[in-house]
Amino acid sequence: MAPFLPLLDTHDPAILSALSRVGPVIRPIPSTESELLDSFILVDSNTSPNNDDIISYLDRGAEKVILSLPHASEVIGSVPSDRILLLLDVANASAVSGKTRAGVSGVLLKSPSLELDLITSVSHFFSGSSIYVLSTSPSPPSSLTIRELSSVGAVPVLPTSQLTLGPSNPSQLNIADAFLAPLRSDRPDGLFPTVVSSFAQGGRSLGLVYSSRQSIAESIVSGKGVYHSRRHGLWRKGETSGATQDVIRINLDCDTDSLEFSVVQQGAGFCHLNRPSCFSDLNGLAALESTLKSRLDTAPEGSYTKRLFNDPDLLRSKVMEEADELCAAETREQVAFEAADLLYFTLARCVSAGVSLVDIERNLDTKARKVSRRPGNAKARWSSKSSSSAEPLLPPPAQPSPPDPNAPIRMRKYTASSLSPLERAQLLRRPVLKFDSMITKVKPIVDYVRAQGDAALLELTAKFDKAQLDSTVVLPPFAPETMQLDGAVRSAIDVAYANIRKFHEAQASTDTLVVETMPGVVCSRFARPIARVGLYVPGGTAVLPSTALMLGIPAQVAGCHEIVLATPPRPNGSISPEVMYVAHLVGASAVLKAGGAQAVAALAYGTQTVPKVDKIFGPGNQWVTAAKMLVQNDTDALVAIDMPAGPSEVLVIADRACNPAHVAADLLSQAEHGIDSQVVLVAVDLPQSILSDVETQVDVQARALDRVDIIRESVAKSIIVMVDDIDAALAFSNDYAPEHLILHIRNAADAVVGVQNAGSVFVGPFSPERQVVIRSLLPSCGDYASGTNHTLPTNGYARQFSGVNTLSFQKHITAQELTADGLKALGPIVATLADCEGLQAHANAVRIRLGSA
Ligand SMILES: NC(=O)c1ccc[n+]([C@@H]2O[C@H](COP(=O)([O-])OP(=O)(O)OC[C@H]3O[C@@H](n4cnc5c(N)ncnc54)[C@H](O)[C@@H]3O)[C@@H](O)[C@H]2O)c1
Ligand SMILES: N[C@H](CO)Cc1c[nH]c[nH+]1
């Protein structure tokens, strides 16, 4: 509580400004609609506002209204008691009824004398309430009287006409003297411990200092932070460094022996080490606001933040999108994640409009003081009741809500013959976000990395992978402690390496192709490695050293000069030792600790430390895949990609010969990759009993897996399609063009001839009847160690792309050599064709050599 309460009866701006630093003020009825925070409104019997006016003062932020008895009787019951003080002549105090006393939080007593006994006895009548006393004498009370009043819990009300910034005199009391009157130091040196807090940053502590009566008095008058140094005496903060402070409020603690200075710090910061606070660096909203404010002034053209500030439509869309995603979030983590995104864009909106956190907090405080309540219903355009008839205002949530954990883990079932062409086409589409929408999401990230380089990579890695890094690139030789592995894992990697290398060496184009197309005309073709390649090894939900092998080995076999392996770091900033070991085996020239779209952008454009590459390889989630597709279309990046290898998928064709447990296991092996994976079972004339067994196995096996939460979501997006025969099954599969195709059917090898589109085919399950293995190639073997590559086209791109292979890392150059006789024979033909196309220079280049130009 402030030591005294000023009553505005004069309007000297210097006095008003000093008073604003020490507490609220009592104002007469306001004539304008201004905000009334830090005010008590005095409604005496000479004025006659109606009840609505009184409520409106409180709605506008006034702390309390001070009402004469008739006014108070009118509003008691409809206004909270803690917002009303009763205005009384001390002589009438004992006439106040118990009901009225219970309906107010205290009294302001007008009294001809501030005699302690009188005030004490009246305060007993109002026990438990706040007591303010206003002397009707023309002279102010002395400091001693203020201290005595304070000792009995009463606060003097001092008309501003009785206050001065100059020395106290019989008719005016110095404001600092009034403020200091009840203060008591419990220290031998008479100083007051003082917490300095930041007004602009939600009251966070900046440091601890000491104040003397002299320093406090100077601060109140000057409005600057002035303290007492125990070594040097009076300390005007920032006098030499320039890091001055504007004092917003000086608060006394509850037992009047220490203080809080709420300040706005100028310059480098409060701490002598040029940090904002002596205790810790900024974080949370305060840090975000400070970053956004500095970006508003300094963000480079092309950066994402600059775009946000310059493009109100983009900012508006982001605020609405994030609000929508927050509403769709379900788990605590999702809600926190989406709320953080929404706050980011909301603050960007505020900063661009010149609105600060302080403005927002003031507004919140004012709203918290409102006593009249609105019903709080949503406007019609936002309310779900009306949304069915209204135009959809927001895009649908990015992902459907996670399925109920207690519901069976089950795929949706369709009968192919009863599907309309449109329904069939819809089933062939993957449950990934639309390309346009993904591109809109990744483009800001890609642009940001392109413009800001390493700084953006570090920021985005902290944001998306929760890893605080100092640098993003690790160069060879890799420290042995970063590659420490369990012996069995190392041996398994070594065997996989050998098999994959063997198969990929066999694919390499090493010989020069030479063909003499006509006498004296020799054409040739030879391969060269792509010089600089970037390998993306996913790491969001699983560490994938197998993918590092699948990408690194063909790059090594092809002889690429520079191999940059990118993968998201773990939250502690490290890369898994398995991936580091593979990076070492394949001779990586750098490991980039970054994932997602930001890693792809760094590989495409290069940064201060990340080498730019010529081709980017590797699978990844939708962010990675969309970023790859985006950069390959940018001629500035001059970068190619292997293919769109997105969320893993499998299509299993199963007939009565299948083993339901094997079918389920194979489906789940790809469903566990990520929530956007999809698995498909094409059931060929499968009896209900076998189908039910497969469904039961999917549910039972899934629940036993660690990644059941991921599987629950991916299986919910997965389908069973029932067909009559193997031809219909292959037709559906060829249209779907799966990444993995598994044939759990009788005579599986014979069906392979009908496969037109697939990344990789796995032929031949165990036949339950004959228990004969026709050819058993589990997809898991292909995923890890048989030798084939597991980086395969997804999302239907198996129609036109092959999986990654050694040739993906090579390019072919053709050459031709003509003898004189060869030119004599071929030249006239070329000249004729060039003439026919009207390209005279082409013809001349031949004729000049034939001597007939
Ligand atoms: N087709 C293939 O050959 C093949 C092979 C292996 C893995 N995969 C697939 O690779 C994918 C791996 O996905 P993952 O997520 O585990 O790892 P990932 O490395 O592909 O993605 C993780 C990164 O995604 C980014 N990200 C995630 N959420 C984001 C958001 N909301 N905003 C911006 N960026 C965000 C982050 O930067 C994070 O580092 C799976 O879908 C899996 O099926 C495919
Ligand atoms: N199934 C993935 C290809 O879509 C590859 C992989 C990595 N680890 C296990 N499997």
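Computed from a predicted structure; not experimentally measured. Start at 1 and go down the list; that is how both ligands and their atoms are numbered.
- A donor atom on one side chain and an acceptor atom on the other are found under 3.5 Å apart for His504 and Asn789.
- In terms of protein heavy-atom proximity, atom 41 (O) of ligand 1 is nearest to Pro647 CA, 3.3 Å.
- Heavy-atom contacts of Gly596 reach the following atoms of ligand 1: 23 (C), 24 (O), 25 (C), 37 (O), 39 (O) (cutoff under 4.0 Å).
- Not a single heavy atom of Lys441 lies less than 4.0 angstrom from ligand 1.
- For atom 8 (N) of ligand 2, the closest heavy atom belonging to the protein is Ser546 OG, 3.3 Å.
- The shortest N or O to N or O distance between Pro619 and ligand 1 is not under 3.5 Å.
- A side-chain donor-acceptor contact under 3.5 Å links Ser718 to the backbone of Val679.
- In terms of protein heavy atoms, atom 2 (C) of ligand 2 is closest to His673 NE2, 3.1 Å.
- Considering Asn805, Thr806, Thr788 as possible partners of Phe503, the one that fulfils the side-chain contact (heavy atoms from CB on, under 4.5 Å) test is Thr788.
- For atom 16 (O) of ligand 1, the closest heavy atom belonging to the protein is Thr541 N, 2.7 Å.
- Other residues, nucleotides and ligands contribute over 12 non-hydrogen atoms within 6.0 Å of the NZ atom of Lys466.
- The closest protein non-hydrogen atom to atom 37 (O) of ligand 1 is Gln598 NE2, 2.9 Å.
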*Full working for salt bridge (Lys or Arg N to Asp or Glu O under 4.0 Å) between Arg450 and Asp636*: CA-CA 11 Å; Arg450 187 179 174 186; Asp636 286 352; 2.9 Å; yes
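- No N or O atom of Thr794 sits closer than 3.5 Å to an N or O atom of ligand 1.
- Of the candidates Met550, His790, Glu649, the one placing a heavy atom closest to atom 7 (C) of ligand 2 is His790.
- Within ligand 2, counting atoms from 1 as listed, the ones closer than 4.0 Å to a heavy atom of Ser648 are 2 (C), 3 (C), 4 (O).
- With ligand atoms numbered from 1 in the order given, ligand 1 contributes 20 (O) to contacts under 4.0 Å with heavy atoms of Val624.
- Taking every non-hydrogen atom of Gln670 and a distance limit under 4.0 Å, the qualifying atoms of ligand 2 come out as 1 (N), 2 (C), 4 (O).
- Residue Leu544 has at least one heavy-atom neighbour below 4.0 Å for each of these atoms of ligand 2: 7 (C), 8 (N).
- Side-chain atoms of Ser808 and Asp642 include no donor-acceptor pair closer than 3.5 Å.
- Counting heavy atoms closer than 4.0 Å to ligand 2, residue Glu739 contributes side-chain atoms (C-beta onward) but none from N, CA, C or O.
- Nearest protein neighbour of atom 9 (C) of ligand 2, counting heavy atoms only, is Tyr784 OH, 3.1 Å.
- Side-chain atoms of Tyr605 and Asp447 include no donor-acceptor pair closer than 3.5 Å.
- Between the Glu649 side chain and the Gln678 main chain, no donor and acceptor come within less than 3.5 Å of each other.
- In summary, the side chains of His740 and Asp666 do not present any donor paired with an acceptor at a separation below 3.5 Å, with no hydrogens or angles considered.
- Within ligand 1, counting atoms from 1 as listed, the ones closer than 4.0 Å to a heavy atom of Leu792 are 1 (N), 2 (C), 3 (O).
- Scanning the protein heavy atoms around atom 42 (C) of ligand 1, the nearest turns out to be Ser648 OG, 3.6 Å.
- Look at Gly595 and you'll find a heavy atom under 4.0 Å from some atom of ligand 1.
- Residue-to-ligand polar distances keep Leu544 apart from ligand 1: every N/O pair is separated by 3.5 Å or more.
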**OP:** Please test Arg707 against Glu713 for salt bridge (Lys or Arg N to Asp or Glu O under 4.0 Å), starting from the C-alpha separation and ending with a verdict.
**Re:** CA-CA 10 Å; Arg707 291 166 74 89; Glu713 293 201 43; over 6 Å; no
TODO: Run the numbers on Gln756 and Arg799 for side chain to side chain donor-acceptor pair (under 3.5 Å), then give the verdict.
DONE: CA-CA 8 Å; Gln756 298 299 327; Arg799 287 181 189 87; over 6 Å; no
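- Of all the listed residues (Trp623, Phe337, Tyr536), Trp623 holds the heavy atom that lies closest to atom 29 (C) of ligand 1.
- For atom 2 (C) of ligand 1, the nearest non-hydrogen atom of the protein is Glu739 OE2, 3.1 Å.
- A donor-acceptor contact closer than 3.5 angstrom is absent between the side chains of Gln800 and Asn757.
- Where the criterion is an N or O separation shorter than 3.5 Å, residue side chain and backbone included, Thr547 fails it with respect to ligand 2.
- In the model, Tyr797 has no side-chain atom that pairs as donor or acceptor with a side-chain atom of Glu739 under 3.5 Å.
- Remark: Lys628 is not positioned above the aromatic ring of Phe617, lacking an NZ or CZ atom under 6.0 angstrom from the ring centre and at most 45 degrees off the axis.
- Counting only heavy atoms of the protein, atom 36 (C) of ligand 1 lies nearest to Phe464 CB, 3.7 Å.
- Considering only non-hydrogen atoms, atom 20 (O) of ligand 1 lies nearest to Asn621 out of Asn621, Thr791, Ile710.
- Of the listed residues (Gly618, Gly540, Ser677, Gly646), the one carrying the non-hydrogen atom nearest atom 9 (C) of ligand 1 is Gly646.
- Within a 6.0 Å sphere centred on NZ of Lys811, heavy atoms belonging to other residues, nucleotides or ligands number more than 12.
- Among protein heavy atoms, atom 38 (C) of ligand 1 sits closest to Asp465 OD1, 3.3 Å.
- Close approach to Ala645 involves these atoms of ligand 1, each under 4.0 Å from a residue heavy atom: 1 (N).
- For atom 12 (C) of ligand 1, the closest non-hydrogen atom on the protein side is Pro538 CB, 3.6 Å.
- Listed by number with element, the atoms of ligand 1 under 4.0 Å from a non-hydrogen atom of Gly620 are 10 (O), 11 (C), 20 (O).
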